Amino acid sequence: MVAVADCGGFHRAAAVLHMTQSAVSQHVRRIEAVVGGAVVERSGRGVAFTELGHRVLGHARTILAAHDAALTDLGAAEERVLLIGATEHGADVMLPALTAALGRRLPDWRLRFRLDRNVLLADAIEHGQLDLAVMLDGSGLDPAHASGMLALKWVSGRSFAIPGDGPLPVVMFSEPCTLREPTFATLERLEADYRIAVESADLSGLFAAVRSGLGVALLPMIGRLPDGLCLAEGLPPASRASVFVRGRTGIDAAILNTVEHTVRDVLAGQA
């Protein structure tokens, strides 16, 4: 009942509870059989609680709070897991510091991370398969509402030299990726002749291509560059990428705020 209320429907509740949607529906039907009436009804694409449902929901929250308080008092509280999504390139530059900082600020939670593409993380948040996601917008839009900004820098292998005649070879992530558009936009501003030399679906492949001298790549970078990479000479600085924290429907606002403030602090500390 509480998961359906907090997540806004059976489908999202099922994802958060790691159950099938039919199992969640069956549990609610059992509650309805006990209380003698409907507790939820369809409302557009979601659900709405009936008057009886709101009464049941209030008791359900009280029961769960008493249950959790008892376990905590007896030292038998179950480990709580916070599932956080992040993009590969975002994780590479900030995940170590973020993990350490969140460990200090959320000591009662075990952190688990899922690394994926932005579009897949957004879909997982929408369906309640992740609690939170640290998203990267390579276009740098809406900086006022972002948790922070990351500088986009041109990187290359140490032996790479910009060709004197011929197009600039560029290494980039394959679609979908929010770094493609700013890469193209920056090259157009430079009025540079370029060609896509390598497209990679993952960060390790992209790094390998750049280290091998196959081209330059525009990447978010803070701190020390990965081994074998250096800032590409002869290319002007690019724009910055926005970093956002997104939470699933029903996420505890205090947890969301803690993660967002931690991301802000980590980015500010490594700027």
Side-chain angles (χ1 to χ4, degrees), residues 84-96 98 113-126 129-130 132-143 146-160 162-163 167-190 192-232 234-246 263 267 270:
I84 303 174
T87 59
E88 265 193 315
H89 33 296
D92 185 70
V93 296
M94 64 180 295
L95 196 56
L98 181 62
F113 290 88
R114 169 180 159 185
L115 304 184
D116 219 325
R117 295 295 191 89
N118 252 6
V119 64
L120 297 177
L121 294 178
D123 185 67
I125 286 292
E126 172 67 21
Q129 297 163 348
L130 289 172
L132 298 147
V134 182
M135 315 281 288
L136 187 68
D137 179 8
S139 61
L141 296 176
D142 201 15
S147 300
M149 305 294 291
L150 279 174
L152 292 175
K153 300 179 181 179
W154 292 104
V155 297
S156 69
R158 297 191 182 281
S159 61
F160 178 82
I162 295 178
L168 175 71
V170 178
V171 179
M172 60 174 52
F173 286 103
S174 55
E175 290 280 15
C177 178
T178 64
L179 292 175
R180 290 175 66 94
E181 189 277 332
T183 299
F184 292 136
T186 301
L187 290 169
E188 303 242 346
R189 283 199 306 272
L190 295 175
D193 186 17
Y194 67 91
R195 63 179 176 86
I196 299 177
V198 179
E199 289 184 282
S200 176
D202 57 58
L203 187 64
S204 60
L206 186 143
F207 278 168
V210 174
R211 285 193 188 97
S212 300
L214 297 180
V216 297
L218 186 64
L219 295 173
M221 288 291 169
I222 52 177
R224 187 174 64 88
L225 292 174
D227 292 339
L229 299 185
C230 63
L231 295 179
L235 292 174
S239 57
R240 297 189 299 166
S242 307
V243 179
F244 295 89
V245 177
R246 296 288 182 259
V263 170
L267 290 174
Q270 300 190 42

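Numbering of residues begins at 1 and proceeds along the displayed sequence. None of these values were measured; they are calculated from a predicted model.
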Participant: Taking atom CG of Asp116 and atom OG1 of Thr87, what is their separation to the nearest 0.5 Å?
Facilitator: 10.0 Å
Participant: How close do Leu98 and Val134 get, heavy atom to heavy atom, and via which atoms?
Facilitator: CD2-CG2, 4.3 Å
Participant: Do Cys230 and Phe160 make a side-chain contact, defined as non-hydrogen atoms from C-beta onward lying under 4.5 Å apart?
Facilitator: no
Participant: So, applying side-chain contact (heavy atoms from CB on, under 4.5 Å) with Thr183, which one of Trp154, Tyr194, Phe173 is it?
Facilitator: Trp154
Participant: Short question: side chain of Arg246, backbone of Leu132 - any donor-acceptor pair under 3.5 Å?
Facilitator: no
Participant: Taking side chain as C-beta onward, heavy atoms only, is Leu229 less than 4.5 Å from Val210?
Facilitator: yes
Participant: Please tell me if the side chains of Met149 and Val243 come closer than 4.5 Å, counting only heavy atoms from C-beta onward.
Facilitator: no
Participant: Under a 3.5 Å distance rule, please check whether Arg114 uses its side chain to pair with a backbone N or O of Ala124 as donor and acceptor.
Facilitator: no
Participant: If we only count heavy atoms from C-beta on, is the Ser242 to Leu136 side-chain gap below 4.5 Å?
Facilitator: no
Participant: Minimum heavy-atom separation for Pro169 and Leu214, please, with both atom names.
Facilitator: CB-O, 3.4 Å
Participant: Taking the side chain as every heavy atom from C-beta outward, state whether Ile196 and Phe184 have any pair of such atoms under 4.5 Å apart.
Facilitator: yes
Participant: How far apart are the closest heavy atoms of Leu168 and Leu187, and which atoms are they?
Facilitator: CD2-CD2, 3.9 Å
Participant: Treating Ser200 as the side-chain partner and Asp202 as the backbone partner, does any N or O pair qualify as donor plus acceptor under 3.5 Å?
Facilitator: yes
Participant: Taking Arg117 first and then Glu175, would you say they form a salt bridge - that is, a charged N and a carboxylate O separated by under 4.0 Å?
Facilitator: no
